[in-house]
Trainee: 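Below is the structure I would like to discuss, written out as structure tokens.
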Amino acid sequence: GAMRSRAEVDATLQTAKLNPAELLPAVHCLSFGPQAGAGDCCLLQLEPGLCAELEAGRSLVIRGEKDEQAVLCSKDKSYDMKIADTSNMLLFIPGCKTPEELKADQASCDIIHSQIAGFSNNYWELRRCRPKLKKLRKLLMEDPYEGPDSRKDQTLTFSKYTTEDLLSLIQASEEEILHQLQVIDACKIEGYWRILEFDYEMKLLNHVTQLIDSESWSLSKVPLRTCLEELGSLEPREMIEHILLSYGRKYIDDAGEVYFEMHEDKICRAIAQMLLQNAVKFNLSEFQEVWQQSVPEGMTARLDQLKGLALVDKTSRPETIFLLKVEDLPEDNQERFNSLFSIRAKWTEVDITPYIQDLCAEKQTVGALLTKYARSSMQNGVKVYNSRRPIS
Amino acid sequence: IHSEGAGGLAQWVLVELQGEVEPRQSGGLAGSLLGDLHYTREGVPVLIVGHHILYGKVVQLEKPFAVLVKRGAGEPGPAGPHMHYTVTALIKTKLLFKTRPKPIITNVPKKA
């Protein structure tokens, strides 16, 4: 239709019995733009910080495959996306001025013909979420690296992932993904991120601990150079350095030499896993004896090193211990609790904490999770938690 | 989602109305008029839509909106074709019309 004229606007004001003297001189004549009904535009409600990121020119990415709920990722955070319905109609209008803008701009023309770009009765809402990182481990476990002698790597497989591949498949921000790769001791081999197959990893660790023993080195001063010289004929140098980085803290002394301070807890823990994975469960005291004998000279094996890896059953006679890895458990909160309660009906807070710690959202405590997903009771003077619902 | 390049993002305004928007003409919405938007000297938005006057207020949004425009499928990757969204504008202000519209009682139109 033709654009409205000043005369038409004034006539409408008169019919509406509005006094032009009480109004600002400028008027917006709103009409629907050509693409308004097409539904190509939608609204995204921004959490604090995201607006500034967009204005600074940074990108946000929406990630999620068909079977996944969409997740929005900034450079370092992840958000669940949900549609929020309103009972109202939201019209989005470019070039529409506020009263302040009109007053400030004395030269603003009388009639501003504004086209409505689109409208909606819903918008995307964001809620900060834990990055969905379990899939990262799952992808890398499809083809763990078994060492250079393994025949497997010679065949062409498509289960290898570059950083770009992971960015497109994992619902998390780039920073969260890179951080998690470090946490799980992944390494880049020929451009692909790989996890070491456990037996190979233990083989590498064993080379190092045996060398430490035969050289009588202090556990806090393991020289990189000598390790590479002595072990370089047995394993690739990158793998030797990788195992030192995974199980030690790298530092450089005043002379510029690279050393590693070995992580006693992490080494003892890995050796425990190696022992425990060979059977369903073990007699606790027998296990502790074998375990202490298996760890390097000078290290002390302690049960508290096994949080989130193994569980002690104090109700069985004799007491037993079995492997239970938190990373094998479901990622979803309710499913995690269901799984834990089907393994054991009643848990103390001390026992369950390592298995739910990773579920805590920003500023959420383990106590809050327990209140939400479990029911507490007293047993022999000790507070225990069980399921809120019957577990089949 | 990428923001439109240099020069910064456009600032749009949101107008929130009760009820639904329906085309008056059979041809659909495109091009059809919604109404006139005035402001009083005190800054109160006044919208005249058809035979109704709506009074509203200017609200600075605590959580601004980004306007996303679908840009169709990008290159296929291991996860399948990506849907690209571009941020076209930011909305930090809305005009909220919540009061019940006052009907305009028209007189017999004057002769032109």
Side-chain angles (χ1 to χ4, degrees), chain A residues 1 4 9 12-13 15-18 22-24 26-37 40-48 50-51 54-55 57-62 65-66 87-100 102 114 116-119 121 123 165 168-169, chain B residues 1-3 5-6 8-10 12-21 23 28-48 53 58 63-70 77-80 82-83 85 87-95 98 104 106-107:
Chain A
R4 282 171 72 73
V9 168
T12 304
L13 281 178
T15 316
K17 301 210 180 67
L18 290 171
E22 288 171 3
L23 302 174
L24 295 181
V27 59
H28 292 82
C29 292
L30 305 175
S31 60
F32 288 92
Q35 294 300 319
D40 286 335
C41 284
C42 58
L43 292 175
L44 173 70
Q45 191 178 53
L46 300 171
E47 287 296 301
L50 289 179
C51 190
L54 286 173
E55 285 174 309
R58 287 198 281 275
S59 297
L60 303 176
V61 186
I62 297 179
E65 296 184 65
K66 266 185 282 237
S87 53
N88 293 342
M89 183 59 48
L90 306 169
L91 309 169
F92 7 117
I93 309 179
C96 176
K97 299 204 186 292
T98 61
E100 283 67 44
L102 288 176
S114 297
I116 299 166
F119 60 91
N121 61 359
Y123 56 89
D165 294 334
S168 71
L169 288 168
Chain B
I1 314 173
H2 310 279
S3 35
L9 284 167
W12 291 3
V13 163
L14 200 68
V15 167
E16 185 169 343
L17 301 173
Q18 282 187 322
E20 290 192 25
V21 168
L29 278 172
S32 67
L33 285 167
L34 176 68
D36 297 339
L37 172 66
H38 298 268
Y39 294 106
T40 67
R41 294 199 176 275
E42 282 85 44
V44 174
V46 182
L47 186 63
I48 307 178
I53 307 179
V58 178
K63 290 190 187 175
F65 284 98
V67 182
L68 306 182
V69 176
K70 259 187 250 185
H82 295 252
M83 195 55 80
Y85 294 87
V87 175
T88 286
L90 291 175
I91 298 178
K92 295 185 182 172
T93 311
K94 79 172 172 187
L95 305 180
K98 264 209 313 190
I104 301 171
T106 48
N107 300 321

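Chain A is the first sequence line, chain B the second, and so forth, proteins listed ahead of strands; every chain is numbered from 1. These numbers come from a predicted model, not from an experiment.
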Trainee: Is it the side chain or the backbone of A:L18 that comes within 4.5 Å of chain B heavy atoms, both, or neither?
Mentor: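 It is the side chain, since no backbone atom gets that close.
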
Trainee: Name the member of B:P45, B:G35, B:G43 that forms the most heavy-atom pairs with chain A at distances under 4.5 Å.
Mentor: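 Ranked by heavy-atom pairs under 4.5 Å with chain A, first place is B:G35.
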
Trainee: Let's test your reading of the structure: which of B:L47, B:L95, B:L90 forms the most heavy-atom pairs below 4.5 Å with chain A?
Mentor: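 Ranked by heavy-atom pairs under 4.5 Å with chain A, first place is B:L90.
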
Trainee: Check this for me: A:E47, atom CD, are more than 12 non-hydrogen atoms of other residues, nucleotides or ligands nearer than 6.0 Å?
Mentor: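 Result for CD/A:E47: enclosed.
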
Trainee: So what's closer than 4.5 Å to chain A heavy atoms on B:V44: side chain, backbone, both or neither?
Mentor: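 No part of B:V44 comes within 4.5 Å of chain A.
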
Trainee: B:V13 versus B:I91: any side-chain heavy-atom pair under 4.5 Å?
Mentor: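 Contact flag for B:V13/B:I91 side chains = no.
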
Trainee: Which bit of B:K92 is near chain A, if near means a heavy-atom gap under 4.5 Å: side chain, backbone, both or neither?
Mentor: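 Answer is side chain: those atoms of B:K92 sit under 4.5 Å from chain A.
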
Trainee: Report which part of A:T98 has an atom under 4.5 Å of a heavy atom belonging to chain B: side chain, backbone, both, or neither.
Mentor: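 Its backbone and side chain both get close to chain B.
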
Trainee: Ring centres of A:F92 and A:F119 under 6.0 Å apart?
Mentor: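 Centroid distance A:F92-A:F119: not below 6.0 Å, so no.
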
Trainee: Measuring from atom CD1 of A:I116 to atom SG of A:C41, what distance do you get when rounded to the nearest 0.5 angstrom?
Mentor: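 Answer for the CD1-SG pair, A:I116 versus A:C41, is 12.5 Å.
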
Trainee: Taking side chain as everything from C-beta outward and backbone as N, CA, C, O, which of these in B:T93 sits under 4.5 Å from a heavy atom of chain A? Side chain, backbone, both or neither.
Mentor: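 Only the side chain of B:T93 comes within 4.5 Å of chain A.
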
Trainee: Between B:Y39 (side chain) and A:K97 (backbone), is there a donor-acceptor pair under 3.5 Å?
Mentor: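 Judged by distance alone, yes, a pair lies under 3.5 Å.
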
Trainee: One thing to verify: whether A:E22 and B:R41 come together as a salt bridge, which I'm taking to mean a side-chain N less than 4.0 angstrom from a carboxylate O.
Mentor: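 So B:R41 does not pair with A:E22 through a salt bridge.
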
Trainee: Hey, which of B:V58, B:V67, B:T40 has the most heavy atom pairs under 4.5 Å with chain A?
Mentor: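 Most pairs with chain A among the choices: B:T40.
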
